[in-house]
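Let me begin by presenting the structure, written as structure tokens, before commenting on it.
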Amino acid sequence: MSKGLEDLNEEQREAVTSTEGFIRIIAGAGSGKTRALTYRFAYLVNEVGVLPSNILCVTFTNKASNEMRSRIRKLTGDNDTGYISTFHGFCVSILQEDSNAVSYPKSFLVLDISDIDTMLSLVYEERGLTLQQMTYAKARDMIEIQKLFKKPEYYVDLISMSLEQIHQKFLEATEVEDIIFYGYLYQEKKCFGLDYNDLLKFVLYIFQKNPEIKQKWQERLEYIMVDEFQDIDFIQYELVKVLCDFHKNLFVVGDPDQTIYTWRGADIRYLLNFDSNFPNVKTIMMMKNYRSTPEILSVANSLISKNKKRIEKNLIATCPSGPKVDFFHAKSAEDEAVFIADKVTELLNKGYSASDIVVLYRAHYISRTIEETFQKKQITYTLFSGQPFFDRKEIKDSLSYLRMIAYKDDLSFLKIVNSPKRNIGERRIAFLKEYQEKNGGSLYDALKKSLEDELFSNTKARSFISLVEEYSSSYSNMQISEVFSALMNDSGYERELRTEGSQERLDNLAELKQSIYEYETSCGEECTLENYLAHAALYTNADAGTSKDAIRFMTIHTAKGLEFPVVFIAGMNENMFPSKKVDSLDGMEEERRLAFVAYTRAQKELYFTEAEGTVQGFGYRYPSRFIFDVDKELLNYEVELPEHLVRKSALEIKHSQDKLEKLSELSELSTGDMVLHNILGKGQILEIDLTKHVYTVKFENVSTPRKMSFKAPLKKI
């Protein structure tokens with residue numbers, strides 16, 4: 001390990017060897033923070049002598065935690081890598097040990113969006129609701145808000161009630177929101193499922209109600225490390241505070257200049273004010289960048305210096321010099337697309353591979369014209385977005401086969417009992433549901449007990465039961481990848497895909513098998529089917545990848561955490577990037593941080609493009625302020641901007657900035673702020689309408705959100 005320390009720079013080495021107390025690492029883009037985290041873990045194990053099982057390392061994607069686990073295993077030579085996971089993955093580990101504290105079995109199901117929609121369909125069907133009354137997307141949001149603003153005790157106690165009691169509340173409910181909420185809780189309880197939002201709240205609830213369990217975990221976790229600390233939200237922050245309160249060893253890594261998720265609860269203040277919230281904080285600045293050329297970093301530094309709410313710093317280049325960052329102003333969106341396509345062809349001819357190149361944009365609609373041009377010029381590209389890998393039907397179906405043999409739950413049953421076709425359609429499913437309602441148990445139990453019924457005589461129900469029973473009794477003695485392959489074969493599912501001639505879906509199955517194999521090789525002793533299923537349910541699109549050799553198109557948010565030799569940023573116009581939706585000075589700073597993230601994805605070459613013209617709903621297109629925020633001498637202007645356009649752009653940007661300043665003066669509060677009203681009590685601001693000067697607030701003791709004037713007596717807490 002001492003030799004390993006020689007491979008680190010001075011700041012990384014200081015971070016690795018600073019083991020005790022509260023430590024904040026401000027790690028600039030490309031500064032080797034993952035290296036520092038992995039080496040620190042190995043240093044604690046190899047040099048200090050800490051047991052890996054007493055270390056928690058939190059990352060924000062499963063992909064990052066898998067990579068970190070693999071690196072640490074190489075450094076320590078130990079299969080035990082402690083707790084390296086996302087917040088939600090770690091909470092699964094806690095609940096698998098202590099879920100009995102909330103009357104849940106240790107074999108609970110982790111629910112994803114597909115599962116929630118299946119549950120909602122059952123709720124709607126039972127009470128005769130339609131999508132006109134509330135779409136599934138709005139229902140999911142409503143359930144999340146209900147759980148977010150009701151105290152944890154409320155819904156945990158509710159789920160701890162008997163199935164009959166919850167079902168009675170569901171049947172007695174008259175308002176659509178209440179029907180859906182209680183119906184959903186009933187379905188959760190019925191299959192012992194926990195959704196994404198439940199995991200952290202259940203853990204905090206257990207810690208609150210059971211001091212012994214809380215102390216057990218506090219004592220166990222001697223060292224806690226949190227990556228991407230700028231992205232944590234209130235509940236995650238509360239969990240970290242609780243966990244580190246015994247040993248008081250907390251090591252956080254982040255970059256305030258890369259906070260781009262405030263819309264989903266991230267709060268830049270947790271990192272900026274870390275030294276005010278914890279005692280005797282040691283701050284280490286890691287600014288040496290090992291990713292990008294000096295030319296790219298100069299542009300990124302110039303841009304982000306225009307933000308006010310930040311820790312002042314500059315990225316320091318270590319890579320060789322390269323070409324200037326290129327800026328192309330087009331006369332039309334079509335010309336912009338042609339420039340990108342022709343430049344890509346030129347780069348491919350220079351020796352770059354297609355997968356070296358990415359086209360980034362602020363929103364999906366910007367890519368349409370560029371895609372059409374690529375298609376005309378027959379340039380292969382792939383959209384690195386859209387439907388997440390784990391949301392595809394063949395992936396959901398095949399994972400449901402694995403879940404079926406482990407849990408025999410209703411959600412998995414409904415997905416696969418007739419896939420491939422077994423002649424068990426709607427009429428027979430309705431019969432099983434009616435049987436279940438009268439006799440209790442699961443739908444699988446209902447099918448087992450109804451096999452002799454004439455209704456199932458011309459079906460493949462018996463072979464389905466035999467398949468599930470056979471693998472239920474044997475899967476624990478087999479590797480997960482082995483179980484998966486055998487199930488796909490014996491169930492006939494893979495054969496059906498081959499009959500359909502769907503090569504893409506077959507390729508996706510092969511990709512899933514590869515991901516299972518990678519999980520097996522990275523997880524060591526915890527490699528059980530149940531753990532893998534929880535792991536897969538928590539996967540996000542940020543965890544997905546593609547090996548396809550094609551130019552990648554993606555939003556800037558999707559590109560966070562990635563890097564590419566060549567980056568194009570298209571649609572760099574006012575009201576496109578920055579977005580027209582920005583309604584505060586803080587919002588504009590976040591847009592600039594998003595631009596900073598985009599700039600720092602590039603390793604060797606970086607291109608900005610924008611176009612003149614008009615866009616419906618946007619008006620005339622002016623070059624983005626994020627072009628003008630960069631010192632002009634740092635950019636290579638492919639064409640000079642006309643003087644009249646520069647003047648008009650400056651006026652447009654000034655008008656926008658003046659408007660934001662006035663609106664910020666009117667509204668001293670921000671979306672997500674917790675507030676206190678002298679009559680209605682505590683609440684949280686869900687939305688701010690800066691045109692009508694109205695807050696939308698959800699108060700803890702009021703069932704529905706309320707619209708409040710800016711003049712309302714709201715005090716930030």
Side-chain angles (χ1 to χ4, degrees), residues 29-30 63 289-297 299-300 319-330 333-386 389 541-542 544-572 576-577 594-611 624 626-627 630 635-638:
K63 185 178 177 181
N289 177 285
Y290 296 92
R291 175 187 300 157
S292 308
T293 64
E295 289 77 8
I296 291 169
L297 295 185
V299 167
C319 293
S321 190
K324 264 190 172 184
V325 174
D326 201 81
F327 167 47
F328 178 71
H329 168 73
E334 290 73 20
D335 286 348
E336 179 186 9
V338 169
F339 171 81
I340 294 172
D342 288 348
K343 185 61 73 172
V344 162
T345 302
E346 182 185 315
L347 290 163
L348 293 174
N349 291 335
K350 274 171 58 177
Y352 283 109
S353 67
S355 57
D356 287 337
I357 304 169
V358 67
V359 178
L360 302 180
Y361 34 79
R362 177 65 179 85
H364 289 294
Y365 71 86
I366 295 171
S367 74
R368 183 186 60 80
T369 307
I370 308 169
E371 285 187 63
E372 288 173 358
T373 302
F374 271 50
Q375 288 166 9
K376 285 176 190 173
K377 291 180 175 282
Q378 298 185 326
I379 301 173
T380 305
Y381 70 93
T382 181
L383 288 173
F384 202 76
S385 57
F389 180 77
N541 211 17
T546 177
S547 55
K548 188 177 180 182
D549 188 29
I551 312 299
R552 279 174 269 199
F553 283 37
M554 66 181 79
T555 65
I556 299 167
H557 279 100
T558 304
K560 176 77 162 61
L562 303 176
E563 56 188 53
F564 305 90
V566 182
V567 172
F568 288 84
I569 307 174
M572 291 199 68
M576 293 169 66
F577 190 26
L594 187 60
F596 177 79
V597 166
Y599 295 7
T600 54
R601 298 312 93 199
Q603 296 170 305
K604 296 180 179 179
E605 300 192 37
L606 177 59
Y607 297 84
F608 303 151
T609 67
E610 53 84 24
S624 167
F626 300 150
I627 299 289
V630 175
L635 297 175
N636 173 50
Y637 278 58
E638 288 272 348

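All of these numbers come straight from a predicted model, not from anything done at the bench. For the single chain, residues carry numbers from 1 onward in sequence order.
Taking 4.5 Å as the limit, some side-chain heavy atom of Lys343 sits within range of a side-chain heavy atom of Phe568. Side-chain contact check for Thr600 versus Ile296: every heavy-atom pair is 4.5 Å or farther apart. Side chains of Gln603 and Thr293 form no contact here, defined as non-hydrogen atoms less than 4.5 Å apart. Within the 4.5 Å cutoff, the side chain of Met576 has no heavy atoms near those of the Arg362 side chain. In this structure, Ile379 and Thr345 have side chains that are in contact, with non-hydrogen atoms separated by less than 4.5 Å. You'll find the side chain of Val567 reaches within 4.5 Å of the side chain of Leu360, heavy atoms only.
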Next item on the list: Could you walk me through whether Arg601 and Val597 pass the side chain to side chain contact (heavy atoms under 4.5 Å, CB included) test, one step at a time?
Entry: CA-CA 6 Å; Arg601 298 312 93 199; Val597 166; 3.8 Å; yes

Next item on the list: Show your reasoning for whether side chain to side chain contact (heavy atoms under 4.5 Å, CB included) applies to Asp549 and Ser353.
Entry: CA-CA 7 Å; Asp549 188 29; Ser353 67; 4.0 Å; yes

Notebook entry, point to check: Hey, mind stepping through Lys377 and Val344 against side chain to side chain contact (heavy atoms under 4.5 Å, CB included) and telling me if it holds?
Noted result: CA-CA 11 Å; Lys377 291 180 175 282; Val344 162; over 6 Å; no

Note to self: Could you walk me through whether His557 and Leu594 satisfy the side chain to side chain contact (heavy atoms under 4.5 Å, CB included) test, starting with their C-alpha distance in whole Å, then the side-chain angles of each, then the deciding distance to 0.1 Å, before giving a yes or no?
What the structure shows: CA-CA 8 Å; His557 279 100; Leu594 187 60; 3.7 Å; yes

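The CD atom of Gln378 sits 13.0 Å away from the NZ atom of Lys376 when rounded to the nearest 0.5 Å. Considering CG of Asp326 and CG of Asn636, their distance stands at 5.0 Å, rounded to 0.5 Å. Here the straight-line distance linking atom CD of Glu295 with atom NZ of Lys324 works out to 9.0 Å at 0.5 Å rounding. A distance of 11.0 Å separates CG of Asp342 from CG of Leu347, quoted to the nearest 0.5 Å. Leu635 CG to Phe608 CZ: the interatomic distance, rounded to the nearest 0.5 Å, is 6.0 Å. Interatomic distance, CD1 of Ile370 versus CD1 of Ile340, reported as 4.0 Å (0.5 Å rounding).
Judged purely by atom type and a 3.5 angstrom limit, Glu610 has no side-chain atom pairing as donor or acceptor with the backbone of Ser624. Not one N or O on the side chain of Thr558 forms a donor-acceptor pair closer than 3.5 Å with the backbone of Met554. Here the side chain of Arg552 pairs a donor or acceptor atom with the backbone of Ser355 at under 3.5 angstrom. Counting only distance, with no hydrogens or angles, the side chain of Arg291 and the backbone of Ala29 share no donor-acceptor pair below 3.5 Å. Judged by distance alone, with hydrogens and angles left aside, the side-chain atoms of Asp356 form no donor-acceptor pair with the main-chain N or O of Tyr352 at under 3.5 Å.
Minimum heavy-atom separation, Ser292 to Ala602: OG-O, 2.6 Å. Nearest heavy atom pair, residue Ala333 against residue Thr369, reads O-CG2, 3.8 Å. A pairwise comparison of heavy atoms in Phe328 and Asp335 identifies CE2-O, 4.0 Å as the closest pair. Across every non-hydrogen atom of Pro323 and Glu605, the tightest pair is CG-CG, 3.8 Å. What you find for Ile366 and Gly571 is that their closest heavy atoms are CG2-CA, 4.0 Å. When all heavy atoms of Ala598 and Ile569 are compared, the closest pair comes out as CB-CD1, 3.6 Å.
In summary, the aromatic rings of Tyr381 and Phe553 are positioned with their centroids under 6.0 Å apart.
More than 12 heavy atoms of other residues, nucleotides or ligands lie within 6.0 Å of NZ in Lys560, so this atom counts as buried by the packing criterion.
Using bins of under 30°, 30° to 60° and over 60° for the plane-to-plane angle, the ring pair Phe327/Tyr637 lands in the perpendicular bin.
In summary, Glu372 and Arg368 engage in a salt bridge, as defined by a charged side-chain N under 4.0 Å from a carboxylate O.
Just one of Tyr365, Tyr599, Tyr361, Phe626 meets the ring pair (Phe, Tyr, Trp, His ring centres under 6.0 Å) condition when paired with Phe577; it is Phe626.
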